[in-house]
Structure formats: structure tokens, C-alpha cells
**Student:** 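First the structure, which I've put down as C-alpha cells, then a few questions once you've had a look.
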Amino acid sequence: MRFVILFGPQAVGKMTIGQQLAARTGMKLFHNHMSIELVTALFEYASPSGQRLIELIRREVFEEASRSENGLSGLIFTYVWAFDLPSEREYIEGISRLFRERGAEICWVELEADVEERRRRNTTENRLLHKPSKRNIEWSDNELMESHQKHRLNSLPGEITEPYYMRLNTTQIEPDEAAARIIAHFKMDK
């Protein structure tokens, strides 16, 4: 069992690369918007109810996926990690620990890309298909830029010491190439 966390800023390619990775490895993709879109159809994202339900859904999925009897070969999860908030590191380490304690290999994959490329990707067909809340392009672009200015969304050199970790700049590579590099790095042959 593998637990792969693809993290990085908005529109860096987490979901699309995760889709490629899932198709090539047989792992299942649980991208962060799967829980967000479900909950925000009923509650505001930033509301206490919205945040509680998103966390509850994710926690239950992680609990089930981490059990060896579920038949999954692995789970890919995508996340926007604000490195300036200590609670974010605690969250990532906590879900990693859950899987590790149940015998999974944990792979952390940090993605980065130039902000202008991310803004371009923010409007792609695949993104808008799977993330209805991003279809208001003006709002989504403003959110991307605000979080880019407010938070540090990529790690500093040496900040991550996880043994199974890689960092990948996706500015000029296609999702299938990114997935191939991740598979090669972690030896994830099907």
C-alpha cells in the first residue's frame, strides 16, 4: 500500500498529474476538491460547518483507505499546503502517520510552477470539469493570487526531511511526463 500526497499551490497540476498517476499505477485518486465540491454544494467553504464536514469526509476516507483489507494498492491525495501555518504540517504529518502505522509507504511529492503558468492552468477544461467551484474564473484567479501573496505554498530548501520525498517543477512539463518522473523516482511500477 502506498499513500502519495501531491502538494503545492493552486493550479500547479496536482489533480491532473494525480489522474495520470492513478491511470498508470492502479492507485485511486482522492483529490482535495472531491470533498470540497460535495460540501460546498450545501455549505460555505469557510464556514465552521463546511470546514468540519470537509475534514470529516477526508478523515473517514483516510481511515478506510489505510486499512489493508480494503483491496486498494494505494491512494493519491492532493493538498494545498500553507507552509507558514504550523497546523498544516501537523495535518500532513498526521495523515501520513495514520497510513505509515498501518504499513503503507508514504510518498510526498511537492509540485511547483510559475504563477503565470498557474493562472493559465486555472482556466483549463479538465480543472473546470472536476472543480465546479473554480468556474467563476475571476473569483478563482483572485483566490489564487491572494493565497500566493498571503501564504508560502512551497517549502524552503531542506525544510522537508521525509525520506520518500521529491520536488518537481511542472512549469514546462506535461502531466504525463510529471507522472512518469514520479513513478520512476519512487519505483511505482504497476
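Positions are given from 1 along the sequence. Source: prediction; values computed, not measured.
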**Student:** Is any NZ, NE, NH1 or NH2 atom of the basic residue among Glu64 and Arg59 found under 4.0 Å from an Asp or Glu carboxylate oxygen of the other?
**Tutor:** no

**Student:** Given Lys28, which partner from the list Leu72, Val61, Ile76 fulfils the side chain to side chain contact (heavy atoms under 4.5 Å, CB included) test?
**Tutor:** Leu72

**Student:** Would you call Lys134 and Glu143 a salt bridge, using N to O less than 4.0 angstrom?
**Tutor:**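 Salt bridge between Lys134 and Glu143, a charged N being under 4.0 Å from a carboxylate O: yes.
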
**Student:** Using a strict cut-off of less than 4.0 Å between a Lys/Arg side-chain nitrogen and an Asp/Glu carboxylate oxygen, indicate whether Glu116 and Arg120 qualify as a salt bridge.
**Tutor:**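 Arg120 and Glu116: not salt-bridged.
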
**Student:** Side chains of Thr171 and Asn169: any donor to acceptor distance under 3.5 Å?
**Tutor:**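 Per modelled atom types, Asn169 and Thr171 side chains form a pair under 3.5 Å.
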
**Student:** Looking at Ser73 and Met1, would you say the former's side chain and the latter's main chain have a donor-acceptor pair under 3.5 Å?
**Tutor:**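 Side chain of Ser73 to backbone of Met1: no pair is present.
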
**Student:** Looking at Gly13, is its backbone amide N or carbonyl O close enough to the side chain of Thr16 to form a donor-acceptor pair, meaning the two atoms are under 3.5 Å apart?
**Tutor:** no

**Student:** The test is side-chain contact (heavy atoms from CB on, under 4.5 Å); show your working for Phe83 and His151 and say whether it passes.
**Tutor:** CA-CA 7 Å; Phe83 282 88; His151 296 290; over 6 Å; no

**Student:** Would you say the side-chain atoms of Glu110 and Asn154 include a donor-acceptor pair closer than 3.5 Å?
**Tutor:**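 There is such a pair (donor and acceptor under 3.5 Å, judged by atom type) between the side chains of Glu110 and Asn154.
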
**Student:** Are side-chain N/O atoms of Ser155 and Arg89 paired as donor and acceptor at under 3.5 Å?
**Tutor:** no

**Student:** Could you check whether Phe7 and Phe77 have their ring centres less than 6.0 Å apart?
**Tutor:** no

**Student:** Looking at Lys131 and Glu37, is any side-chain nitrogen of the basic one under 4.0 Å from a carboxylate oxygen of the acidic one?
**Tutor:** no

**Student:** Ignoring hydrogens and angles, tell me if any N or O in the side chain of Arg2 forms a donor-acceptor pair with the backbone of Cys107 under 3.5 Å.
**Tutor:**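 Not confirmed, Arg2 side chain does not pair with Cys107 backbone.
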
**Student:** Look at the side chain of Lys150 and the backbone N and O of Met145, then say whether any donor-acceptor pair between them is shorter than 3.5 Å.
**Tutor:**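 Checking the backbone N and O of Met145 against the side chain of Lys150, no donor-acceptor pair under 3.5 Å is found.
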
**Student:** Can a salt bridge be assigned to the pair Arg58 and Glu63 using a cut-off of 4.0 Å between side-chain N and carboxylate O?
**Tutor:**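 No, no charged N to carboxylate O under 4.0 Å.
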
**Student:** Between Asp114 and Gln172, does any side-chain donor sit less than 3.5 Å from a side-chain acceptor?
**Tutor:**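 Distance-only check fails for Asp114 and Gln172.
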
**Student:** Using every non-hydrogen atom in the two residues, find where Tyr79 and Lys14 come nearest and quote the distance to one decimal.
**Tutor:** O-CD, 3.5 Å

**Student:** Should the heavy atoms of other residues, nucleotides or ligands under 6.0 Å from CD of Glu55 be counted, would the total exceed 12?
**Tutor:** yes

**Student:** Please answer: with hydrophobic residues joined when any side-chain heavy atoms are less than 4.5 Å apart, are Leu111 and Leu21 in the same cluster?
**Tutor:**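 The answer is yes; both residues are in one hydrophobic cluster.
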
